[in-house]
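Read the numbers this way: they start at 1 and go in the same order the structure lists the ligands and their atoms.
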Amino acid sequence: MTPAVYSAAMSEEPSVATPATDPYALAQEAGRAVLDRFGVGRVDAWFVLGSGWSAAAEDLGEPVGRCPLGDLPGFSAPAVRGHGGELVVLRNDRGTVIAVSTGRTHFYEGRGVAPVVHGVRTAAAAGARTLLLTNGCGGLNRAWPPGTTVLLRDHLNLTGATPLVGPTFIDMSEAYAGRLRELARSVDPGLPEGVYAQFHGPQFETPAEVQMAGRLGADLVGMSTALETIAAREAGLDVLAISLVTNLAAGVSATHLSHQEVLDAGVEAAPRLRTLLAGIAAAL
Ligand code: 8IG
């Protein structure tokens, strides 16, 4: 399944794929580690909480346990302030087991695509069928001020990269499951939908790049999610993705962008995000 190129690129040893460097094998190992560590037969749903969303991890169900992500095979401690770094496992009233990870590896860290999608592949290896991806992003629509939550209807992968190698022709025509978007709207009927463009980052866009993304059909710009969704579709996971607009994208408003603004928007929105996630978690 995985070409030897992977191990050749990542180790000193030439052309022999070993379990330690095959990203799929590493995810199998991590999925097994999650099940063993928390004593659950399978995880049903996996949530990834991005910028601004970390505080929403509580109250999603009866806690089963938690551990630093770095304790699990293939995960590393998060690089960015405001990006958690923990896995919380819980069970909702219906017996659904949900694993919630705070913090993610970003493509802009420069470690390649495999670490970016390791959590997604681990989720699938642990048995998950449903993946909820959340992020903080820039908004292009002035009618969606900072603090607005938006369901992803589709994405533009502008990274020039993909987690897939070889003739892996995955259908992306319904990358974000309509059924899950309906479920989210049953919790919050007012949730708008938009198209998310993933840029490489880490720099925010220039106003011209934001304008380009808008002309291509984007409503939101960010640095995550699209690559993870591609890996999720390969793994057969149904994906729900929700963005928190933390700032208007460059050039959309007169003010300049700061990471502090992003953190502040997350803090301000936290109670609403928590209610939204709790509603979704209860319905799974
Ligand atoms: I939070 O304005 C956050 N993440 N690319 N642009 C991009 N990523 C972001 C932005 C933004 N805000």
Asker: List for me each residue that meets side chain to side chain contact (heavy atoms under 4.5 Å, CB included) alongside N157, sequence neighbours excluded, and say none if there are none.
Answerer: H155, T159, A226, L227, I230
Asker: Is it true that Y176 and T229 share a donor-acceptor pair across their side chains at a distance under 3.5 Å?
Answerer: yes
Asker: Measure from every N or O atom of ligand 1 to the protein's N or O atoms and keep only the pairs below 3.5 Å, writing each with atom names and distance to 0.1 Å.
Answerer:
| residue | atom | partner | partner atom | Å |
| --- | --- | --- | --- | --- |
| ligand 1 | 2 (O) | N247 | ND2 | 2.9 |
| ligand 1 | 5 (N) | E205 | OE1 | 3.3 |
| ligand 1 | 5 (N) | E205 | OE2 | 2.4 |
| ligand 1 | 6 (N) | E205 | OE1 | 2.8 |
| ligand 1 | 12 (N) | G138 | N | 3.4 |
| ligand 1 | 12 (N) | N247 | OD1 | 2.7 |

Asker: Is there a donor-acceptor contact under 3.5 Å linking the side chains of N135 and T225?
Answerer: yes
Asker: With sequence neighbours left out, which residue pairs that include part of residues 186-195 fulfil the side chain to side chain donor-acceptor pair (under 3.5 Å) condition?
Answerer: R181-E193, R185-E193
Asker: Please tabulate, for the side chains in residues 274-284, all donor-acceptor contacts under 3.5 angstrom to protein atoms that are two or more places apart in sequence or on a different chain.
Answerer:
| residue | atom | partner | partner atom | Å |
| --- | --- | --- | --- | --- |
| R274 | NH1 | D59 | OD2 | 3.2 |
| R274 | NH2 | A55 | O | 3.2 |
| T275 | OG1 | P271 | O | 3.0 |

Asker: Classify the side-chain pair E234/Y24 by whether it contains a donor and acceptor separated by less than 3.5 Å.
Answerer: yes
